[in-house]
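Data block below; observations after.
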Amino acid sequence: MQTSVTQMPRKELFGHPVGLFILFFTEMWERFSYYGMRGILVLYIAASATAVDPGLGWSNKDAIWLYGWYTMLVYVASIPGGWIADKFLGQKKTVMLGGLLLCAGHITLAIPQDWAFFTGLILIILGVGGLKPNISTMVGGLYKEGDIRRDSGFTIFYIGINIGAFLASISVGLVAFYYGWHYGFGLAGIGMLIGQSVFIWGQKYLKGVGEFSGGKNVSEEERQAAKRPLNKVEKDRVLVLLISFLIVIVFWGAFEQAGGLMNLYADAKVDRHIGLSWLEEIPAAVFQSLNAGYIIIFGTMVGGFWIWWKKKGRESSSLFKMAIGTMIMGLGYVFMMFASKEASSEVFGKAAMVWIFLAYLFHTLGELCTSPVSLSFITKLAPIKYASIMMGVYFAATGFGNKLAGSIGESSQLHPYQGEMMVDKEGILPFISKDSMEIKTLDKGIVKIYDFPINEDKNFNIKSEVFIDNGSVVFQEMGTGKLLNSLFEINDTGKSTQSRLIETLKENNAVAGNPYHANLVFEKDSDAAKIIENKGDGNNYQVSFVLEEEQSEQEFSTFMWLTIFTVSFGLLLIVFLKKLKKLTHGAEDHEYDVKDNEPYELGDPDIKKGN
């Protein structure tokens, strides 16, 4: 496939067209905005609605559910984005439109209102749909057919993506941690504004790339290619592309636990304390920078390795790389299995940070073998007339992978048991203690006080042992042995909730000598907390909890099956590799080193011969 539209030498920088670096910096800042926002998104959704810096107050399970739908729609929107580029605007103008929508979306997210949050998400979905598939297609348009630099060009482009993601995960995560969620969203928006400015400034280096195929600036050859029906070679190549999209769904379904399950896991079950005077513990969102940081370190090494491997005459087809990458990425979850075992080895225990570092390392190496290669693969095989829409289908497959990831992450989180506090404030005070906390004053300033959390409508927790005694569930405070049953009552629709709890405890022989455990979270109803006159009345508190041992088992099982499935799937691809490669009709068999400033040629030589 060829997406450049003129035969012309291109000015080069570091052995690549200068336009690559315009697209590099545009995408770097766009990904800064996207990954910065994504890094705090699920944490914001799950944050208490009654905190000093309130979130939406959703459960972990519901937060991952919304995250899965959002990340799916972001990429599925690439299909209409590619279609609009192919049929009406061209890639360049569609990227411009998408960038403007993204700027509006990220700025809207910075407004601390529920309507602004959901409006911002919709604008970002539309903006990414316009920008993401088309800017990637434009990268392919910078290189001629058979140019061996194409894969390395996409790897450089991919490094730009991850420089943005790396900077965003640290800076946006820290800003959100210290100053608030919406300041973090606002910083992400500033990044998008910079990216859009770079793209506008660099138009002179992108002449002839990404133009509308029905416009006046395209060659007659490409105009004819856009009109004629697909031949046998093109049809087979489209078929193998569609098969490769299945690989994409599986890969991202496993990989994209990063922003959901692994983000929440790092927040709750990883020991993040480092004891610095200015930073007591690492915010969970900052761990999102590991993937991007590893890509910056290892990106050129992995890309260089595959070029060296190919020159040695060894198997290095895109499909082979994608299979190997899926397997390596899946093996990263072995370290999460170790983390889960370490955290569950003691009650309310936490895992060492090293497991997260190792898991992300393997995920990254797998990603470097798969993702930039799959982008390049599309630009090699997709027919001219379907250039952007095939890239759009690729990103849609990525979106379906993200939705699969959300469903997997959602299944790893148990439905919390819900209840209602049944005692007044005086009845609960013997079970809680004073603590330092931040509160908002009437003039919206923030001050630190030392008081009982209930006096400020704050959340509080009571760690409990849970076991069966004479057929009934007993809640007993850890350490003191005080009975907690009188403090709250479980909401029971019929007898399903209570019977589910009893059945789980009986199945696991949770008795007084071998109890299960739960962190009972008492949270003020968010609507009631808004009534200042009732502040500290101790009413309208809800209770929620999960059984820690059951949750740990669920997470371990999720990590284990992710490993088994991805490795097995990668091996299956290798078994059928030869049959799949035949469908490409040698698209990757004639790659070679291109001399500096060699003019670009249009069209596939096989297609010109009518094969």
Is the shortest heavy-atom distance from the side chain of Y333 to the side chain of H363 under 4.5 Å? yes

Quick check: closest heavy atoms across G538 and M421, and the distance to 0.1 Å? O-CE, 3.2 Å

Please find the pair of heavy atoms, one from D537 and one from N539, that lie closest to each other, and give the distance. OD1-N, 3.0 Å

For Y179, look at atom OH and say whether over 12 heavy atoms of other residues, nucleotides or ligands are found less than 6.0 Å away. no

Kindly say whether V521 contributes a backbone atom to a donor-acceptor pair with the side chain of N461 at under 3.5 angstrom? no

Would you check if E420 and E489 make a side-chain contact, meaning some heavy-atom pair closer than 4.5 Å? no

Is F452 close to K458 at the side-chain level, that is, under 4.5 Å between some pair of heavy atoms? no

Side chain to side chain, E477 and L487, heavy atoms closer than 4.5 Å: no

Do you know the tightest heavy-atom contact between S78 and K132? OG-CB, 4.3 Å

Would you say R272's side chain and I282's backbone share a donor-acceptor pair under 3.5 angstrom? yes

Distance check, rounded to the nearest 0.5 Å: L414 atom CG versus S59 atom OG? 11.0 Å

Find out whether I468 and V473 are in side-chain contact, i.e. whether some heavy atom of one side chain is under 4.5 Å from a heavy atom of the other. yes

F298 vs L361, side-chain contact (heavy atoms from CB on, under 4.5 Å): CA-CA, chis, key distance, verdict: CA-CA 10 Å; F298 297 108; L361 174 60; 3.6 Å; yes

Going from OG on S552 to CG on L547, what distance comes out if it is rounded to the nearest 0.5 angstrom? 10.5 Å

Do W58 and I64 touch side chain to side chain, with heavy atoms closer than 4.5 Å? no

Here the pair of heavy atoms bringing F251 nearest to G325 is CE1-O, 3.9 Å

Spatial distance of atom CG (N459) from atom NZ (K524) [nearest 0.5 Å]: 11.0 Å

Is T566 reaching over with its side chain to a backbone N or O of T563, donor-acceptor style, under 3.5 angstrom? yes

side-chain contact (heavy atoms from CB on, under 4.5 Å) evaluation trace for D114 with L56: CA-CA 8 Å; D114 287 352; L56 296 185; 3.7 Å; yes

Tell me if a side-chain donor or acceptor on K425 pairs with a main-chain N or O of I454 at a distance below 3.5 Å. no

Is the W252 ring parallel, tilted or perpendicular to the F255 ring (thresholds 30°, 60°)? perpendicular

Does the separation of the ring centres of F431 and F522 fall below 6.0 angstrom? no

The side chain to side chain donor-acceptor pair (under 3.5 Å) partner of Q551 among E555, Q554, E548 is E555

Please assess Y75 against N402 for the test side-chain hydrogen bond (donor to acceptor under 3.5 Å, both in side chains), listing each intermediate value before the final yes or no. CA-CA 9 Å; Y75 288 106; N402 275 262; 5.2 Å; no

With L261, which of T558, V42, N60, I408 fulfils side-chain contact (heavy atoms from CB on, under 4.5 Å)? T558

Please report the interatomic distance OG(S568) to CE(M327), rounded to the nearest 0.5 Å. 9.0 Å

Heavy-atom closest pair (P416 atom, S544 atom, distance to 0.1 Å) is CB-CB, 4.4 Å

I'd like to know if the side chain of T504 reaches the main chain of R500, judged simply by a donor and an acceptor atom lying under 3.5 Å from each other, with no hydrogens or angles considered. yes

Between Y34 and H106, does the ring centre distance come in under 6.0 Å? no

How are the rings of F117 and F185 set to each other: parallel, tilted or perpendicular (split at 30° and 60°)? tilted

Quick one: are the ring centres of F460 and Y541 less than 6.0 Å apart? yes

Evaluate E549 against N508 for side-chain hydrogen bond (donor to acceptor under 3.5 Å, both in side chains), listing each step before the verdict. CA-CA 10 Å; E549 288 80 359; N508 294 280; over 6 Å; no

Does the pair K341 and S345 meet the rule for a side-chain hydrogen bond (donor to acceptor under 3.5 Å, both in side chains), with working shown? CA-CA 6 Å; K341 281 295 184 184; S345 63; over 6 Å; no

Please round to the nearest 0.5 Å and tell me the distance separating atom CE of M353 and atom CG of D271. 6.5 Å

F335 side chain reached by V354 side chain, heavy atoms, under 4.5 Å: no

Where does the angle between the aromatic ring planes of F559 and Y265 fall among parallel (under 30°), tilted (30 to 60°) and perpendicular (over 60°)? perpendicular

For F467 versus P515, what's the shortest heavy-atom pair and its separation? CD2-CB, 4.0 Å

Output field: ring centroids Y417/F488 closer than 6.0 Å: no

Check against side-chain contact (heavy atoms from CB on, under 4.5 Å), I124 and M37: CA-CA 10 Å; I124 291 172; M37 182 275 288; 3.9 Å; yes

As an exercise, state the distance from CZ of F556 to CE of M337, rounded to the nearest 0.5 Å. 3.5 Å

Worked verdict on I40 versus Q288 for side-chain contact (heavy atoms from CB on, under 4.5 Å): CA-CA 10 Å; I40 62 175; Q288 299 288 294; over 6 Å; no

Does T119 reach the side chain of L123, with side-chain heavy atoms less than 4.5 Å apart? yes

Can any side-chain N or O of T370 pair as donor or acceptor with the backbone N or O of E367 at less than 3.5 Å? no

Donor-acceptor pair, K61 side chain versus E410 backbone, under 3.5 Å? yes

